[in-house]
Amino acid sequence: AEEAEQAELDKKYVEEHIVEIRSGTFSTTVEALPECLEVINKGANISVAITDKNPDIAALSRSLDGYNTTLDLSACTGLKEIPEKAFYLKGNIKAVTLPASVEKSGAKSFSRTSLETVEIPSGTKEIGDFAFAGTKIREAKIPAGVSSYGVGAFAENKSLQSITADESSSILKSDDGVLFTRDGLTLVAYPSGKQGGSYEIPATVVSIGTEAFAYNESLKSVTLPPALLRICGYAFKGCSSLSSLDVSGWDTSNVTGSYCMDGVFYGCSSLASLDLSGWDTSAVTGMSYMFYNCSSLASLDLSGWDTSN
C-alpha cells in the first residue's frame, strides 16, 4: 500500500511539473525519474536534484543513461556510501554534488565519467581504488578524515593539475600538488595534468605508488631518489614524453610479488634507452606489459635477469 501511495504521488508530481521537467532542471525521486525523463530527448543536458534520503544508486545510474547530467545528491542525507562502480563508465555524468553524510566513495565509483569538479565531503573516511580515475577533474582536495586512500584514486586524469591533502591529515600530505604518504616515504600520485618538463623525486621517498605518474604527457625526465626500493605497477604508464629515466641505481634485490613490476614503462614511447643490466629480479614473479608500446627502445640488455619465478 505504501509503494502504491508513493507511485501515485510520483505520478502526480510529474503531471504538475511537466513544464519544469521539460526545461531539464528539476527535483524528483529515483522512482519517478524514468517517467520524468520520458518527456526529455536523449542526449539533452539535464540538472537533477534527487530528493530521496537514501536513494537506490544503481537504479539512479541506469535511469540517467543517455542524458548529459548535472546531479545533485545533497538532499540524500541518509546516503553514506557511493557503491563500487556506481557510475563507472557513465561518460554522461558531468557534475555531482555529494551529501555531507557520505563516508565512502567505493572503488571506481565515478571512474571514466566526465566529472570536472567534485567536492569530497569533510566526513569522508574512505576513497576506494580508482574511485575518480579517468575523469576531467582539475583539482582534488582530500579531507582530513580520510583514513583509507585507494590505489590510483585520481589516476589517468589528464585534466588533473593538483592533489591537495588537508594539513591535518594523518595519512597523507602534499607538496606543490603532488601527493605523498604522511611520512614522506611513498610518492602516491603525481597529477596527470601537472605541467613541467622535469621532476626530481624527494630524497626521502623509497617507494613510488601504483600508477603514480600515469598518463602525464608533459614530463620529459624524472630523477629517482638514491634510496628507492620499490616502483609499483604501471608507475609511468602512458608517460609518452618521458625520454630520460635513470633506473640503473634502483636496488631491486628486495622487490617481490606478482604485480610490482607489471607495466612500469607501459606506453613510454619516447624512452630510447634503459640500463637494466644490474637489476636483480630473482624474487619477482610478474613483469607483464613492462615494455608494452615502448616504441623507441631499440635494444635492451636483459641477459643477467633471473626470470625463473
Side-chain angles (χ1 to χ4, degrees), residues 112 130 133-134 151-152 154-161 177-179 186-203 205-309:
R112 309 299 176 192
F130 303 102
V151 168
F154 288 88
E156 302 186 18
N157 179 352
K158 295 180 182 180
S159 298
L160 188 66
Q161 298 175 21
V178 182
L179 193 65
T186 298
L187 191 157
V188 178
Y190 185 99
S192 299
K194 186 174 175 63
Q195 299 300 300
S198 63
Y199 182 68
E200 182 174 352
I201 298 175
V205 171
V206 298
S207 177
I208 299 174
T210 300
E211 293 209 16
F213 289 87
Y215 288 102
N216 184 292
E217 297 175 346
S218 294
L219 282 171
K220 295 181 180 179
S221 68
V222 174
T223 303
L224 302 181
L228 186 65
L229 298 176
R230 187 177 181 87
I231 302 177
C232 293
Y234 298 89
F236 296 100
K237 178 183 179 182
C239 293
S240 57
S241 297
L242 190 63
S243 57
S244 176
L245 184 66
D246 182 3
V247 291
S248 61
W250 178 22
D251 180 3
T252 59
S253 60
N254 293 314
V255 176
T256 60
S258 58
Y259 184 69
C260 54
M261 282 192 179
D262 283 355
V264 171
F265 310 111
Y266 182 115
C268 293
S269 54
S270 295
L271 274 178
S273 64
L274 281 171
D275 181 3
L276 314 179
S277 59
W279 280 17
D280 179 351
T281 59
S282 57
V284 178
T285 56
M287 303 176 185
S288 300
Y289 299 103
M290 182 183 285
F291 306 110
Y292 181 81
N293 202 26
C294 291
S295 52
S296 296
L297 276 177
S299 63
L300 282 171
D301 179 8
L302 308 179
S303 59
W305 281 24
D306 179 355
T307 57
S308 57
N309 287 319

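Being a predicted model, the structure only gives us computed values, none of them experimental.
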Participant: Of all the heavy-atom pairs spanning G177 and P191, show the shortest one and how long it is.
Facilitator: O-CG, 3.2 Å
Participant: Which heavy-atom pair separates V247 from L276 by the least distance, and what is that distance?
Facilitator: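 What the structure gives for the nearest pair is CG2-CD2, 3.3 Å.
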Participant: Checking side-chain contact (heavy atoms from CB on, under 4.5 Å) for the pair F236/I231: CA distance, chi angles, key distance, verdict?
Facilitator: CA-CA 9 Å; F236 296 100; I231 302 177; 4.2 Å; yes
Participant: Side-chain contact test, heavy atoms from C-beta onward, threshold under 4.5 Å: evaluate it for F154 versus L179 and give yes or no.
Facilitator: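 Answer no - side chains too far apart.
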Participant: So how far is it from Y215 OH to L160 CG, rounded to the nearest 0.5 Å?
Facilitator: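 The OH atom of Y215 sits 15.5 Å away from the CG atom of L160.
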Participant: How close do L274 and F291 get, heavy atom to heavy atom, and via which atoms?
Facilitator: CD1-CE2, 4.2 Å
Participant: Once rounded to the nearest 0.5 Å, what's the spacing between atom CG of N293 and atom CG of L271?
Facilitator: 11.5 Å
Participant: Looking at residues at least two apart in the chain, or sitting in another chain, which of them share a side chain to side chain donor-acceptor pair (under 3.5 Å) with N216?
Facilitator: none
Participant: What are the two closest heavy atoms between G152 and A133, and how far apart are they?
Facilitator: O-CB, 3.7 Å
Participant: Using modelled atom types and a 3.5 Å cut-off, is there a donor and acceptor pairing between side-chain atoms of S241 and backbone atoms of K220?
Facilitator: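 Flag not set: sc S241 to bb K220 has no pair under 3.5 Å.
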Participant: What distance do S192 atom OG and E156 atom CD have between them, rounded to the nearest 0.5 Å?
Facilitator: 7.0 Å
Participant: Looking at residues at least two apart in the chain, or sitting in another chain, which of them share a side chain to side chain donor-acceptor pair (under 3.5 Å) with E217?
Facilitator: K158
Participant: Counting C-beta onward and ignoring hydrogens, is there a side-chain heavy-atom pair between P225 and V205 closer than 4.5 Å?
Facilitator: yes
Participant: Under the rule for side-chain contact (heavy atoms from CB on, under 4.5 Å), what residues qualify as partners of S221, not counting sequence neighbours?
Facilitator: S198, S244
Participant: Going by the side chain to side chain contact (heavy atoms under 4.5 Å, CB included) test, name the single residue among Y292, Y289, Y234 that passes it with D262.
Facilitator: Y234
Participant: Would you mind telling me which of V188, L229, L228 makes a side chain to side chain contact (heavy atoms under 4.5 Å, CB included) with I208?
Facilitator: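 Between I208 and the candidates, side chain to side chain contact (heavy atoms under 4.5 Å, CB included) is satisfied uniquely by L228.
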Participant: Tell me the closest heavy-atom pair linking V178 and K194, and the distance in Å.
Facilitator: CG2-CE, 3.9 Å
Participant: As an exercise, state the distance from CG of L245 to OG of S270, rounded to the nearest 0.5 Å.
Facilitator: 12.5 Å
Participant: OH/Y199 to OG/S218 distance, rounded to the nearest 0.5 angstrom?
Facilitator: 14.5 Å
Participant: Side-chain contact test, heavy atoms from C-beta onward, threshold under 4.5 Å: evaluate it for Q195 versus Q161 and give yes or no.
Facilitator: no
Participant: State, to 0.1 Å, how close G209 and C232 come at their nearest heavy-atom pair, and which atoms those are.
Facilitator: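 Closest heavy-atom pair between G209 and C232: C-CB, 3.6 Å.
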Participant: Give, for atom CD1 of I201 and atom CZ of F213, the distance between the pair rounded to the nearest 0.5 Å.
Facilitator: 4.0 Å
